[in-house]
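In what follows, every chain begins at residue 1, and chains take the letters A, B, ... in the order their sequences are listed. Note that these values count all heavy atoms, side chains included, but never hydrogens, waters or copies made by symmetry.
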Amino acid sequence: MSSIPVYDPQVVEAAWQARWADRHVNEPDLDHPRRPFYNLMMFPYPSAEGLHVGNLFAFTGADIFGRFRRLQGFEVFEPIGFDAFGIHSENYALAVGTHPAKLIPRNIDAFRRQLRRFGGMFDWRHELSTTDPAYYKWTQWLFVQLFKHGLAYRKRAAVNWCPTCKTVLANEQVVNGYCERHPDTKVEQRFLEQWFFGITRYAQRLLDNLDSLDWSESTVTLQRNWIGRSEGATLVFETPTGDSIAVFTTRPDTVFGATYLVLAPEHPLVDALTLEERRHEVREYKRVVQGKDIVSRKVGDRAKTGVFTGTYARNPATGESIPVWIADYVLMEYGTGAIMAVPAHDKRDFEFAQEFDLPIRQVVRVEGESLPIVSTSGTLMQSAPFDGMPCDRAAREIVEWLERSGSAHREVQYRLHDWCISRQRYWGPPIPIIHCGACGPVAVPDEDLPVELPFVEDFKPDDSGVSPLARHAEWYHVPCPRCGAAARRETDVSDTFLDSSWYFLRYPSTEFADRAFDPARTATWLPVSTYIGGNEHAVLHLLYSRFITMVLHELGHTSFEEPFPKLRAHGLIVKDGAKMSKSRGNVVVPDAYIQQWGADTFRMYLMFLGPFQEGGDFRDEGITGIRRFLDRVWVLGHEAARAGSAALPAGVERKLHQTIRKVTADTDALRYNTAIAAMMEYVNELRSAECTLPTAVEPLLVMLAPFAPHLAEELWSAAGHPDSIFIAGRWPSYDETLATAEEIELVVQVNGKLRARLTVPRGLTEAAALERARAEAGVRKFIDGKPVRKVVYVPDRLVNLVV
RNA sequence: GCGACCGUGGCGGAACUGGCAGACGCGCCAGCCUUAGGAGCUGGUGGGGCAACCCGUGGGGGUUCGAGUCCCUCCGGUCGCACCA
């Protein structure tokens with residue numbers, strides 16, 4: 001008997017990767033697919049460190065799903081690209097002293113090599129990078145679309161400023177009030193003109209549509225919380241000077257307990273309301289608050305601070321005059337920037353009132369609870385005509401009552417803010433606006449797009465708070481496109497989240513230079529069939545993509561409103577119980593593992609670590625188990641290639657059909673770990689039955705192909721199939737009756753305790769089962785001499801005798 | 001503080017609508033083969049007991065003929081939000 005070749009993954013994998021490329025195996029017909037399936041995974045940010053295990057875990061899981069659909073007869077489009085703009089690349093470039101325009105292509109090359117090596121089914125014809133002018137031309141076009149429809153606007157907003165970095169920081173880059181890169185530098189607050197997208201106008205629609213999406217529940221919850229809808233009322237408090245202070249509250253039922261008002265220090269009425277003798281103190285307080293960065297103001301010490309303005313306002317319910325304070329625990333960006341303080345029924349107001357000795361008046365009674373009572377399950381007291389009324393009803397009636405005097409109306413507020421897309425940095429697509437003294441901000445005409453990011457050798461930000469682009473004089477000064485007068489370019493670049501908010505629209509249309517996305521291609525391939533990615537993008541990326549798609553739909557560019565009808569979040573791969581991160585030094589690089597074990601083994605090992613949607617802890621101890629399994633399949637496959645044909649032994653046939661049933665269901669539900677376990681069980685069965693028949697082995701090869709594509713191809717080819725398994729292979733189907741054993745094991749319990757197991761034919765009647773059970777010695781021992789009070793019979797499962 | 005999820009052998013993890021707890025794999029033990037093996041093969045492997053049996057899914061309580069699964073409560077962990085009025 002001729003010997004079976006040694007399994008050398010390096011050779012097999014290189015050969016098949018070359019063949020896939022030569023034969024265009026992974027390139028579907030984009031214009032006339034029979035059954036299109038758009039398999040999308042979140043594109044990576046090409047860091048200098050290369051692809052790590054976490055990326056590969058995500059890509060493998062998504063790739064398995066695409067290959068599975070392919071074997072089920074779909075034409076699968078599985079594109080990949082690079083999210084290569086952004087502050088992360090820029091900071092790294094600054095740190096190593098290399099220009100990002102040189103660094104990024106290098107990183108992308110490395111990523112591309114790694115992505116080919118792991119065996120993803122990528123259609124490389126449609127690769128894209130957000131830094132490519134051919135791509136960001138359309139990112140800018142998108143901005144112009146929003147600008148023209150009033151959805152992009154400018155306003156002054158507070159930002160975090162690091163005096164050492166000389167730049168604006170995102171909130172997540174501020175650690176306890178200090179810069180993440182400079183632990184000794186306190187972050188300051190600056191006010192800058194910024195561009196915003198009006199996403200809040202879509203808050204309700206973004207919230208409502210969540211109900212119709214097939215998404216991981218955890219992701220839906222995160223989005224819902226982020227949008228943060230709350231229902232309440234706006235109440236108006238008049239001041240003696242004739243100013244009205246509007247406050248938003250979710251608890252209008254407690255208005256009789258409102259004993260003072262608090263405005264945010266930045267509130268526009270503060271100066272007007274402050275009495276002369278308080279002016280110095282108020283100004284001083286505002287100055288201190290401004291010195292604090294936004295994050296530490298929200299997160300830092302919770303001791304309440306504030307000052308009295310000297311003014312009193314009239315509580316519209318009681319008619320009483322109550323003092324108006326300012327305090328930084330009230331945020332300008334939420335609601336009206338002012339609150340009515342009800343210390344008896346709000347924890348924060350309670351603390352503040354205690355700190356400054358302000359009156360606390362209880363207006364809600366809840367049995368057995370002491371102040372502050374936050375619960376809404378009580379009834380009113382000390383509230384004139386509403387005493388004794390339950391909170392929810394009182395809330396409605398009080399608003400109606402105050403509405404008659406024009407001092408209240410119902411209101412819905414959202415936590416969601418408008419999307420600030422300005423970055424005062426270099427490495428991003430310039431915002432396509434020209435500022436003209438006469439015309440104001442004017443959009444760059446479409447025919448002049450893209451506004452290319454000029455090469456600026458010294459891209460380091462300075463203290464001015466203005467993007468380095470402003471230093472490039474010939475780029476900066478341009479004539480106004482409308483009136484021709486001397487004008488200047490907008491120097492802010494846009495947020496990376498804008499780059500990634502539409503990349504899935506671009507993929508099928510990358511070859512078209514004259515349109516962002518081709519209408520026919522888009523109609524054929526979108527919305528995305530399945531989107532798989534990490535929950536770290538549960539909020540921003542996914543919300544922004546939904547918003548952009550919604551706007552494009554409204555402007556008539558797409559027929560659909562939601563880009564990702566089906567989304568699955570994968571889990572996180574951790575190392576030693578901690579998230580992998582450079583600072584911890586526990587990042588696992590996959591290359592060495594792939595070198596040693598092969599991509600197929602590594603792919604399967606990652607998937608076998610735990611449930612795909614939950615992630616797992618990376619240890620390399622178990623990898624030999626997967627390799628042993630693939631070695632056995634390798635031998636089986638070669639043996640099958642030379643075996644004759646015969647009927648399958650009954651046991652093997654049943655196990656085969658059971659395995660197909662389980663692997664199909666599990667793979668479809670992304671339960672890859674149990675799908676792999678089922679295939680292992682099947683191989684164990686084949687080996688103990690010494691069965692190497694092609695009819696037993698070939699279905700296994702097809703089921704294994706999504707997981708270990710190279711090995712499956714090699715064995716499929718060894719079996720004499722000239723075409724790729726992904727072209728010629730068909731996902732096996734199973735026969736329910738063959739998968740069902742005709743004999744089953746019936747469990748006999750006495751008082752719920754296992755006492756015997758019987759092998760009986762399927763579908764036994766209760767009477768027959770009972771008779772068999774009673775005859776069993778191990779059962780009789782426990783029931784003899786006692787009357788059987790009750791019998792529970794679950795057909796084909798168990799019989800339980802209660803004595 | 002609020003919200004979501006989770007807690008099962010030495011380890012990673014299985015267990016459909018409540019119905020044989022521990023699938024599959026790692027590790028470990030024994031045996032075979034070998035000059036040798038960190039290779040391969042066979043068998044075993046939750047704990048206690050010679051055994052019949054008993055005990056076991058973070059702790060306590062409950063519902064049920066029957067609970068890893070449902071309910072209450074406490075403890076521990078992960079993630080998200082975090083003074084959002």
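Put simply, Asn673(A) has no side-chain N or O that comes within less than 4.0 Å of OP1 or OP2 on rC24(B). Applying the 4.0 Å criterion to OP1 and OP2 of rA4(B), one finds that Arg224(A) has every side-chain N and O outside that range. Contact annotation: Arg628(A) reaches the phosphate of rG27(B) (side-chain N/O to OP1 or OP2, under 4.0 Å). OP1 or OP2 of rG25(B) has not a single side-chain nitrogen or oxygen of Thr624(A) nearer than 4.0 Å. Contact between the side-chain N/O atoms of Arg755(A) and the OP1/OP2 oxygens of rA52(B) is not found at any separation under 4.0 Å. Applying the 4.0 Å criterion to OP1 and OP2 of rG40(B), one finds that Arg632(A) has every side-chain N and O outside that range.
As rounded to the nearest Å, rC26(B) and rG43(B) have P atoms that lie 14 Å from one another. Spacing between rG27(B) and rC75(B) at atom C1', rounded to whole Å, works out to 31 Å. Going from the P atom of rU8(B) to that of rC29(B) covers 25 Å, rounded to whole Å. For the P atoms, the distance from rC20(B) to rC32(B) is 39 Å, rounded to whole Å. Rounded to the nearest Å, the gap between the P atom of rG3(B) and that of rA67(B) is 31 Å. When the C1' atom is used for both rC6(B) and rG13(B), the distance is 14 Å, rounded to whole Å.
The aromatic rings of Tyr260(A) and Phe352(A) lie parallel to each other, with less than 30° between the two planes, well short of the 60° mark.
No engagement by Asp349(A) is indicated, since no non-hydrogen atom pair under 4.0 Å with the nucleic acid exists. At the heavy-atom level, Thr250(A) lies under 4.0 Å from the strands shown only through sugar-phosphate atoms. Residue contacts for Leu798(A): at a heavy-atom cut-off of 4.0 Å it reaches a base atom on one of the strands shown. No contact: Arg627(A) has no heavy atom under 4.0 Å from any strand.
In a base pair of the Watson-Crick type (N1 to N3 plus N6-O4 or O6-N4) or a G-U wobble (N1-O2 and O6-N3), with each distance short of 3.5 Å, rG27(B) is matched with rU45(B). Both distances falling under 3.5 Å, in either a Watson-Crick or a G-U wobble arrangement, occur for no nucleotide opposite rU57(B). Using the Watson-Crick or G-U wobble rule with both distances under 3.5 Å, rC33(B) pairs with nothing in any strand shown. Both distances falling under 3.5 Å, in either a Watson-Crick or a G-U wobble arrangement, place rG19(B) opposite rC65(B). Within the shown strands, nothing qualifies as a pairing partner of rC83(B) under the Watson-Crick or G-U definition with both distances less than 3.5 Å. Figure legend. rA52(B) is base-paired to no nucleotide; pairs are counted as Watson-Crick or G-U wobble with both atom distances under 3.5 Å. Using N1 to N3 plus N6-O4 or O6-N4 for Watson-Crick, or N1-O2 and O6-N3 for G-U wobble, each under 3.5 Å, rG76(B) pairs with rC6(B).
Syn is the conformation of rG9(B), whose glycosidic angle sits no further than 90° from 0.
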Any N/O pairs under 3.5 Å between the protein and nucleotides 64-73 of chain B? List them or say none.
from: rC65(B); atom 1: O2; to: Asn800(A); atom 2: ND2; distance (Å): 2.4

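Counting only N and O atoms by type, the side chains of Ser218(A) and Ser216(A) include no donor and acceptor under 3.5 Å apart. A donor and an acceptor atom, one from each side chain of Tyr734(A) and Gln658(A), are nowhere located under 3.5 Å apart. A donor-acceptor contact closer than 3.5 angstrom is absent between the side chains of Arg229(A) and Gln413(A). Side chains of Tyr329(A) and Asp349(A): a donor-acceptor N/O pair is present below 3.5 angstrom, by distance only.
Distance from the side chain of Leu331(A) is smallest to rA85(B) among rC41(B), rA85(B), rG19(B). Candidate nucleotides rA82(B), rA23(B), rC16(B) were compared by shortest atom distance to the side chain of Arg797(A), and rC16(B) ranks first. Residue Glu681(A) has its side chain nearest to rA23(B) when only rC16(B), rA23(B), rG25(B) are considered. For Trp226(A), taking side-chain heavy atoms from C-beta onward, the closest of the listed nucleotides rG25(B), rA21(B), rC81(B) is rC81(B). In the set rG40(B), rC83(B), rU17(B), rC83(B) carries the atom at the smallest distance from any side-chain atom of Tyr329(A). Distances from the side chain of Asp328(A) to the nucleotides rG12(B), rA82(B), rC83(B) place rC83(B) closest.
Taking a cutoff of 4.0 Å between a charged side-chain nitrogen and a carboxylate oxygen, Arg396(A) and Asp392(A) do not qualify as a salt bridge.
When the nearest nucleotides of RNA chain B are assigned to Gln413(A) and Pro611(A) by heavy-atom distance, the more 5′-ward of the two goes with Pro611(A). Between Asp631(A) and Val539(A), the residue anchored nearer the 5' end of RNA chain B, judged by the nucleotide with its closest heavy atom, is Asp631(A).
For the pair Val262(A)/Ile326(A), no side-chain contact is recorded, criterion being any heavy-atom separation below 4.5 Å from C-beta on.
Here the P atom of nucleotide rA85(B) and the CD1 atom of Ile326(A) are 22 Å apart, to the nearest Å. The separation between Asn535(A) atom CG and rC81(B) atom P is 11 Å, rounded to whole Å. If you take CG of Leu222(A) and C1' of rU78(B), they are 13 Å apart, rounded to a whole angstrom. Taking atom CD1 on Ile626(A) and atom P on rG25(B), their separation rounds to 9 Å, with Å as the unit. Note: CG (Leu543(A)) to P (rC81(B)) measures 13 Å, nearest angstrom.
Donor-acceptor pairing under 3.5 Å, judged by distance alone, is present between the side chain of Lys304(A) and the base of rC83(B).
Counting heavy-atom neighbours within 6.0 Å of Glu690(A) CD, excluding the residue itself, gives a total of 12 or less. Annotation: Arg224(A), atom CZ; neighbour count of heavy atoms from other residues, nucleotides and ligands within 6.0 Å is above 12.
The aromatic ring centres of Trp419(A) and Tyr544(A) sit less than 6.0 Å apart.
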